[in-house]
Trainee: 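So that we are looking at the same thing, I have put the structure below in structure tokens.
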Amino acid sequence: MDDNNNKPPVDKSGPEADLGSKEQEIYQQRLDKAAKWRDSGFNPYGNGYRPQHTAAEIVAKHADQSAEELEKAATAPYDVAGRIVAMRSFGKAAFIKLRDRTGEIQAHMKKDALGDAAYEVFKQCDVGDFLAVTGPIFRTKTNELSLSATKFTPLTKSLRPMPEKWHGLTDVEIRYRQRYLDLVSNPDVKQVFLRRNKLVRFIRNFLDTRDFIEVETPMMHPLVSGAAARPFRTHHNALDIDLYMRIAPELYLKRLVVGGFERVYEVNRNFRNEGVSTRHNPEFTMLEFYQAYATYEDLMDLTEQMISEAAVAVTGDSKVKYGEHVLDFGKGWKRISMVEAIREAVSGLSDKDMADPDRLRHELLKTSHAEAERRAVETMNHGELVGALFEHHVESTLIHPTFVTHFPTSMSPLARRNDANPEVTDRFELYAAGREIANAFSELNDPLDQKGRFLAQLDAKQRGQQETMDYDEDYIRALEHGMPPTAGEGIGIDRLAMLFTDAQSIRDVILFPLLKPLAK
RNA sequence: GGGAGCGUAGCUCAAUUGGCAGAGCAAUGGACUCUUAAUCCAUAGGUUGUGGGUUCGAUUCCCUCCGCUCUCACCA
């Protein structure tokens with residue numbers, strides 16, 4: 001525990017200080033109700049109750065039975081526990097809705113079935129409390145499956161009021177800051193995260209069945225490596241060394257390929273100290289995988305198969321609605337080189353033009369109006385100009401899944417050069433909905449070439465570029481020992497989850513997105 | 001970091017030109033043993049994000065700060 005983590009002691013005697021006056025009143029009322037539970041022998045924070053059934057299994061078991069059939073069958077009592085999410089009371093009877101991890105089930109609480117004393121205890125229950133209910137199943141006059149409670153056990157008292165039942169919780173700030181309330185209040189939100197879980201499980205299974213081994217590599221790095229991004233810094237006290245939170249696991253995973261793990265993957269967090277937006281969270285989840293004896297072209301096939309199958313597994317269809325569009329993840333994705341893609345989008349650029357930095361600079365300045373941007377364009381090399389033109393004119397137009405290949409070598413310091421044209425690399429990025437989803441290449445395993453590329457990165461840093469990689473001596477040493485021909489790929493899990501859940505903001509697929517702390 | 005917008009009861013939202021801050025849900029008390037946003041009667045609940053200014057008077061107009069949303073830049 002850090003010693004600089006001194007929090008004021010919490011006052012345990014009454015309502016919390018952040019409550020409004022109305023909320024304090026409710027808080028006190030519920031403390032009083034909890035005391036009444038206690039007086040009746042129920043600990044409002046007791047432990048050890050083990051419900052024997054779930055809402056979903058009860059509903060599934062009796063979904064097809066009519067009211068008469070259920071009455072005749074007279075089922076043995078069920079026993080479920082959950083949060084009370086709705087209550088409609090009639091004085092001497094009430095309907096409550098209990099929610100557990102599997103779903104919801106209604107219970108009919110009747111004074112004559114429970115007894116006077118027990119019904120008094122039930123009256124001290126509120127929406128939000130946790131309760132266990134025992135009783136046989138029946139159908140109400142409106143045909144809803146319900147438990148006819150013969151017994152109940154108060155389990156946990158909720159002291160704060162739930163959000164409004166009809167509109168739910170819509171204030172996005174509260175939704176992100178207090179995700180637990182969002183999850184309780186908005187059932188769709190839970191579905192989003194269940195889908196995300198399904199996606200990650202599908203991917204793990206897909207790779208596991210293809211002989212990939214899942215590993216965990218360091219998230220605290222002594223060097224900045226594996227991507228072009230600004231890192232977070234941190235400090236280890238006992239060793240008295242500065243470290244960086246990782247921006248990518250790439251070089252560690254390739255060290256493992258050197259060591260004989262021919263197929264490895266890692267699904268974990270990367271941290272980048274950059275702007276926050278609807279598509280960027282400072283910490284985000286990345287899948288990276290490496291396969292020896294494969295090329296970037298093999299990975300295009302693998303990626304197409306993995307993501308098209310994932311779409312069906314997660315959403316039920318290879319055609320996925322996303323905002324205004326319906327994305328078609330069915331196989332046969334377009335493959336186009338970066339230069340071709342630019343020439344398709346910008347008319348009047350000949351082969352010769354594409355090779356001429358001044359011509360490209362001129363083209364780029366047509367759409368770059370901000371002063372800082374124009375200055376940046378002036379110092380770009382040929383590869384950077386090609387990349388910038390692509391981002392300006394092509395990226396946002398790639399709606400259906402599209403592989404863009406052959407990125408300029410200068411913007412791909414870890415990728416293998418193309419044999420026919422060393423100015424470009426054996427690399428592709430996958431785009432969908434106008435965004436980058438995946439990035440892959442045949443890995444550069446020539447240690448001398450890699451040395452030169454690292455040196456070029458140092459050079460770029462000298463020129464003032466902020467997002468550069470450090471020279472990683474040990475990585476070069478690893479390559480000098482020999483890395484088999486390998487291809488590797490990174491897939492942004494959050495962004496893929498966005499596509500499969502129709503989420504317009506990355507914060508909607510991250511349980512606890514980074515927000516500024518509120519001032520006291 | 002730049003630009004635009006937003007912030008009113010626990011929640012969802014009103015408040016005319018600057019003129020007594022309101023409703024529904026939730027809560028409390030009462031009636032009600034088949035409800036589905038249950039219904040009916042009554043009660044209570046507010047430092048209008050913060051601090052300042054203009055004004056006889058500010059939720060409303062102006063400024064500061066805090067937070068959120070969108071967007072641009074950086075990036076994936």
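Per chain, numbering begins at 1; letters A, B, ... match sequence-line order. Scope of the values below: all heavy atoms of this structure, side chains included, with no hydrogens, waters or symmetry mates.
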Trainee: Ignoring hydrogens and geometry beyond distance, is the side chain of Glu144(A) in donor-acceptor contact with the base of rU35(B) at under 3.5 Å?
Mentor: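 For Glu144(A), whose side chain was compared with the base of rU35(B), there is no donor-acceptor pair (under 3.5 Å).
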Trainee: Looking at Arg177(A), does any N or O in its side chain come under 4.0 Å of the phosphate oxygens OP1/OP2 on rC68(B)?
Mentor: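 The answer is yes; a side-chain N or O of Arg177(A) sits under 4.0 Å from OP1 or OP2.
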Trainee: Could you tell me whether Asn281(A) contacts a base, only the sugar-phosphate backbone, or nothing, with contacts defined as non-hydrogen atoms closer than 4.0 Å?
Mentor: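 Since a base atom lies under 4.0 Å of Asn281(A), the category is base.
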Trainee: Whether Thr278(A) contacts rU71(B) is assessed here as follows: a side-chain N or O lying under 4.0 Å from the phosphate OP1 or OP2. Is that the case?
Mentor: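 Looking at the OP1 and OP2 atoms of rU71(B), one of them is under 4.0 Å from a side-chain N or O of Thr278(A).
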Trainee: Does the side-chain ring of Trp166(A) sit on the six-membered ring of the rG24(B) base, less than 5.5 Å centre to centre and under 30° in tilt?
Mentor: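 Per 5.5 Å and 30° rule: no stacking.
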Trainee: Can you check whether Tyr322(A) and Phe329(A) have ring centres sitting under 6.0 Å from each other?
Mentor: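 No; Phe329(A) has its ring centre 6.0 Å or more from that of Tyr322(A).
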Trainee: Between Tyr431(A) and His400(A) (judged by ring centroids, cut-off 6.0 Å), do the two rings come close enough to count as a pair?
Mentor: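 No, the ring of Tyr431(A) stays outside the 6.0 Å limit from the ring of His400(A), centre to centre.
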Trainee: Which pairs pass side chain to side chain donor-acceptor pair (under 3.5 Å) with one or both residues in residues 102-118 of chain A, sequence neighbours excluded?
Mentor: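 Checked against side chain to side chain donor-acceptor pair (under 3.5 Å) - neighbours excluded - the pairs reaching residues 102-118 of chain A are Arg99(A)-Glu104(A), Asp100(A)-Thr102(A), Gln106(A)-Ser146(A).
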Trainee: What integer distance in Å separates Ile174(A):CD1 from rC6(B):C1'?
Mentor: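 Nearest whole value for this atom pair: 14 Å.
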Trainee: For a quick check, with a 4.0 angstrom heavy-atom cut-off, what is the B/S/- contact string for nucleotides 41-49 of chain B, read 5' to 3'?
Mentor: ---BSS---
Trainee: For Asp171(A), answer base if it contacts any base atom (sugar-phosphate contacts may also be present), sugar-phosphate if it contacts only those atoms, and nothing otherwise; contact means non-hydrogen atoms under 4.0 Å.
Mentor: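 It contacts sugar-phosphate atoms only.
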Trainee: For Phe284(A), answer base if it contacts any base atom (sugar-phosphate contacts may also be present), sugar-phosphate if it contacts only those atoms, and nothing otherwise; contact means non-hydrogen atoms under 4.0 Å.
Mentor: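 Base, at least one base heavy atom under 4.0 Å.
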Trainee: Look at all strands and tell whether Glu467(A) reaches a base, only sugar-phosphate, or nothing, counting heavy atoms closer than 4.0 Å.
Mentor: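 Answer is sugar-phosphate: Glu467(A) comes under 4.0 Å of backbone atoms only.
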Trainee: Is Glu173(A) touching bases, backbone alone, or none of the nucleic acid, heavy atoms closer than 4.0 Å?
Mentor: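 Result for Glu173(A) = sugar-phosphate.
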Trainee: May I ask you to evaluate whether Lys516(A) reaches the phosphate of rG67(B), defined as a side-chain N or O under 4.0 Å from OP1 or OP2?
Mentor: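 So the side-chain polar atoms of Lys516(A) do come within 4.0 Å of the phosphate oxygens OP1 or OP2 of rG67(B), strictly under.
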Trainee: With distance as the sole criterion, do the side chain of Thr170(A) and the base of rU12(B) form a donor-acceptor contact below 3.5 Å?
Mentor: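 There is none.
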Trainee: What interatomic distance, in whole Å, is found between C1' of rA4(B) and the corresponding atom of rU48(B)?
Mentor: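 After rounding to an integer number of Å, I get 23 Å for this pair.
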Trainee: Please determine if Lys72(A) and Glu69(A) form a salt bridge, counting it only when a charged side-chain N lies under 4.0 Å from a carboxylate O.
Mentor: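 A salt bridge is absent here (no side-chain N lies under 4.0 Å from a carboxylate O).
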Trainee: Show which side-chain atoms of residues 266-273 of chain A pair as donor or acceptor with protein atoms under 3.5 Å away, not counting sequence neighbours.
Mentor:
from	atom 1	to	atom 2	distance (Å)
Glu266(A)	OE1	Thr217(A)	N	3.2
Glu266(A)	OE1	Thr217(A)	OG1	2.6
Glu266(A)	OE2	Thr217(A)	N	3.1
Glu266(A)	OE2	Arg246(A)	NH1	3.1
Glu266(A)	OE2	Arg246(A)	NH2	3.3
Arg269(A)	NH1	Glu283(A)	OE1	2.7
Asn270(A)	OD1	Arg246(A)	NE	3.2
Asn270(A)	ND2	Ile247(A)	O	3.3
Arg272(A)	NE	Ile247(A)	O	3.1
Arg272(A)	NH2	Ile247(A)	O	2.7
Asn273(A)	ND2	Pro231(A)	O	3.4

Trainee: Please indicate yes or no: is the ring centre of Phe95(A) less than 5.5 Å from the centre of the six-membered base ring of rU35(B), with the two planes inclined by under 30 degrees?
Mentor: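 Answer is yes, a stack.
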Trainee: Base, sugar-phosphate, or nothing: which does Arg507(A) touch, judged by heavy atoms less than 4.0 Å apart?
Mentor: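 Sugar-phosphate contact only.
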Trainee: For rG18(B) and rG53(B), measure between their C1' atoms and round to the nearest Å.
Mentor: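 Each nucleotide's C1' atom is 15 Å from the other's.
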Trainee: OP1 or OP2 of rU28(B) versus the side-chain N and O atoms of Lys33(A): is any pair under 4.0 Å?
Mentor: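 For rU28(B), OP1 or OP2 has a side-chain N or O of Lys33(A) closer than 4.0 Å.
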Trainee: Please state the C1' separation for the pair rU60(B) and rU17(B) - nearest whole angstrom.
Mentor: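 It comes out at 10 Å once rounded to the nearest Å.
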Trainee: Ring-plane angle category for Trp333(A) and Phe403(A), please: parallel below 30°, perpendicular beyond 60°, tilted otherwise.
Mentor: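 Rings of Trp333(A) and Phe403(A): tilted, as their planes differ by 30° to 60°.
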Trainee: In whole Å, what separates the C1' atom of rG22(B) from that of rU55(B)?
Mentor: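 25 Å, rounded to whole Å.
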